[in-house]
There are 2 protein chains.
Amino acid sequence: MSDARAAIDPRLAAAARPRRLARREYAFRQGESARAVFFVVEGEVQLCRVGRRGERIILHRARPGEWFAEAALWSGCYHCDAVAARAAQLLEIPAAKFRDALRRDAALAERWIELLSRQLQGARARAERAALSGAEERVRHYLATHGAGPGGAVELRGSLKDLAAELGLAHETLYRTLARMQKSGSVEREGKRLSPGRRVR
Amino acid sequence: MSDARAAIDPRLAAAARPRRLARREYAFRQGESARAVFFVVEGEVQLCRVGRRGERIILHRARPGEWFAEAALWSGCYHCDAVAARAAQLLEIPAAKFRDALRRDAALAERWIELLSRQLQGARARAERAALSGAEERVRHYLATHGAGPGGAVELRGSLKDLAAELGLAHETLYRTLARMQKSGSVEREGKRLSPGRRVR
DNA sequence: CGTCGCATTGATATCGCTCAAATCCGGTGG
DNA sequence: CCACCGGATTTGAGCGATATCAATGCGACG
């Protein structure tokens with residue numbers, strides 16, 4: 001890619017500064033005043049808090065194509081740490097410039113609202129899914145929310161192992177669950193394509 | 001309450017129309033063109049899809065103080081059903097007026113962006129929490145994300161049973177977990193006040 | 001009082017996690 | 001071409017945490 005800034009809206013790209021993080025490097029830390037919003041071009045950034053006893057609690061994993069620290073814009077300071085899980089390439093947009101851009105450009109604000117709305121929709125669905133009790137339920141929920149194309153099929157991007165992590169399951173459990181659902185006809189698999197089956201239950 | 005509209009921003013309240021739903025009544029159905037955004041004053045509205053075989057999958061439960069169908073503004077038509085889980089009181093804001101208001105009033109747009117940002121933050125935290133393995137972990141995470149005031153205490157709004165639902169646990173499990181954590185000193189309880197304990201583990 | 005819902009504790013069953021091992025597959029280097 | 005390696009995929013076995021079923025106390029409320 002010639003310029004990573006091409007990945008975002010041109011009206012914001014003007015204010016964006018490319019930034020690279022090595023594994024375990026921090027974009028910011030809890031308590032620092034919120035100076036910027038970030039966009040993940042490549043890699044993964046974990047937003048986490050460190051408890052009194054040193055345990056790390058992950059609030060969110062930001063992956064390529066996602067923004068993070070959007071909310072920090074309005075709260076004054078970062079309320080968690082942002083650390084690269086692996087080498088990452090980011091775009092950093094100063095908070096002041098970001099706010100100015102939104103204020104000046106109504107169309108941009110509208111686009112940003114749209115983006116936030118969709119992200120919220122996705123996050124709510126994920127939260128609802130993670131609260132489900134059974135592995136099979138979660139798979140069905142995933143298919144219902146990510147299904148597209150004929151028969152609501154899903155083209156898997158990564159490995160089944162990745163999907164297991166996304167669903168909050170051990171990968172062995174996912175394999176077994178899928179096998180069972182296949183046998184009962186409630187899902188169908190063709191390579192990296194998953195689709196809800198036609199047979200009842 | 002004299003007027004439920006007092007609960008939302010006055011600039012939106014002007015366009016809001018109060019609406020009551022009986023249990024099992026629909027606010028809208030999947031496929032209808034998106035004509036309005038909603039705010040829950042009282043009750044609960046479930047956003048769900050119905051699969052080919054009649055199984056209902058809940059995408060999100062909208063509770064008092066929450067908006068829903070914000071994203072529908074940008075997608076043309078509703079992509080799921082909205083049905084009252086119990087009698088509910090809503091505010092309905094026509095999509096066109098909502099969009100106009102955002103477009104005309106930059107300050108309102110900014111406030112709306114702020115609101116969405118916060119909700120997004122909250123939804124992500126909930127998703128991450130539900131993915132945690134143990135009951136104790138979830139309680140700690142909840143305290144970490146909702147903690148405020150001295151010692152990061154949390155004032156519970158509803159019952160412990162509600163909290164259990166929020167955490168995705170059976171209520172019995174929550175009671176037992178809290179009792180254990182209390183005994184080990186990792187949380188303290190005073191009525192409806194929960195706070196992380198000082199003792200290690 | 002009677003009823004209802006929350007809080008609490010006990011007993012039991014079940015589901016999913018963990019540990020373990022075999023197979024498969026793509027890539028890499030000789 | 002072949003040997004080797006690492007990671008994904010599968011399947012098995014056993015254990016433990018959590019859901020579920022059950023029973024009781026308690027306070028609010030009509």
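Hydrogens, waters and symmetry mates are skipped; everything else that's a heavy atom, side chains included, is used. Chain A is the first sequence line, chain B the second, and so forth, proteins listed ahead of strands; every chain is numbered from 1.
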Using whole Å, report how far CG of A:Leu178 lies from P of D:dT9.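 Result: 10 Å.
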
Spacing between A:Leu132 atom CG and D:dT18 atom C1', to the nearest angstrom: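 Atom-to-atom, A:Leu132 to D:dT18, this comes out as 16 Å.
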
With the sugar-phosphate defined as primed atoms, P, OP1 and OP2, and the base as all remaining atoms, what B/S/- string results for nucleotides 25-30 of chain D, 5' to 3', for protein heavy atoms under 4.0 Å? ------

Per-nucleotide protein contact along nucleotides 9-25 of chain C, 5' to 3', at a 4.0 Å heavy-atom cut-off (B base, S sugar-phosphate only, - neither), is BBB----SBBBB-----

Supply the atom-to-atom distance B:Phe68 CZ to B:Cys80 SG, rounded to the nearest 0.5 angstrom.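 That separation rounds to 9.0 Å.
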
Any chance you could measure B:Lys97, atom NZ, to B:Leu12, atom CG, to the nearest 0.5 Å?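 So the gap between those two atoms works out to 12.0 Å.
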
Kindly check if the number of other-residue, nucleotide or ligand heavy atoms within 6.0 Å of CZ (B:Arg20) is above 12?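 At most 12 heavy atoms, drawn from other residues, nucleotides or ligands, come within 6.0 Å of this atom.
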
Check whether more than 12 heavy atoms from other residues, nucleotides or ligands sit under 6.0 Å from atom CZ of A:Arg63, and answer yes or no.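 Atom CZ in A:Arg63 is not packed in, count stays at 12 or less.
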
B:Tyr78 vs B:Phe38 aromatic rings, parallel, tilted or perpendicular, using cut-offs 30° and 60°?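 B:Tyr78 and B:Phe38: tilted rings.
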
How are the rings of B:Tyr175 and B:His171 set to each other: parallel, tilted or perpendicular (split at 30° and 60°)?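 Answer is perpendicular, since the angle exceeds 60°.
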
Those residues that, when tested against A:Glu42, pass side chain to side chain donor-acceptor pair (under 3.5 Å) (two or more places apart):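 Partners of A:Glu42 under the side chain to side chain donor-acceptor pair (under 3.5 Å) test: none.
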
Test of understanding: with side chain to side chain donor-acceptor pair (under 3.5 Å), list the residues that count as partners of A:Asp9, not counting sequence neighbours.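 For A:Asp9 the side chain to side chain donor-acceptor pair (under 3.5 Å) partners, ignoring immediate neighbours, are A:Arg11, A:Arg111.
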
Is there a donor-acceptor pair under 3.5 Å between the side chain of [X] and the backbone N or O of [Y]?
{"X": "A:Arg19", "Y": "A:Glu92", "answer": "no"}
{"X": "A:Arg138", "Y": "A:Leu132", "answer": "yes"}
{"X": "A:Glu137", "Y": "A:Gly134", "answer": "no"}
{"X": "A:Arg189", "Y": "A:Gln182", "answer": "no"}

Which of residues 155-162 of chain A sit near DNA chain D, with a heavy atom under 4.0 Å from it?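 Listed by number, they are A:Ser159, A:Leu160, A:Lys161.
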
Give the angle between the helix axes at the two ends of the helix from C:dC1-D:dG30 to C:dG30-D:dC1, taking five base pairs at each end and rounding to 10°.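 Angle reported: 40°, given to the nearest ten degrees.
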
Minimum side-chain heavy-atom gap A:Arg61-A:Glu66 below 4.5 Å: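 They are not in side-chain contact.
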
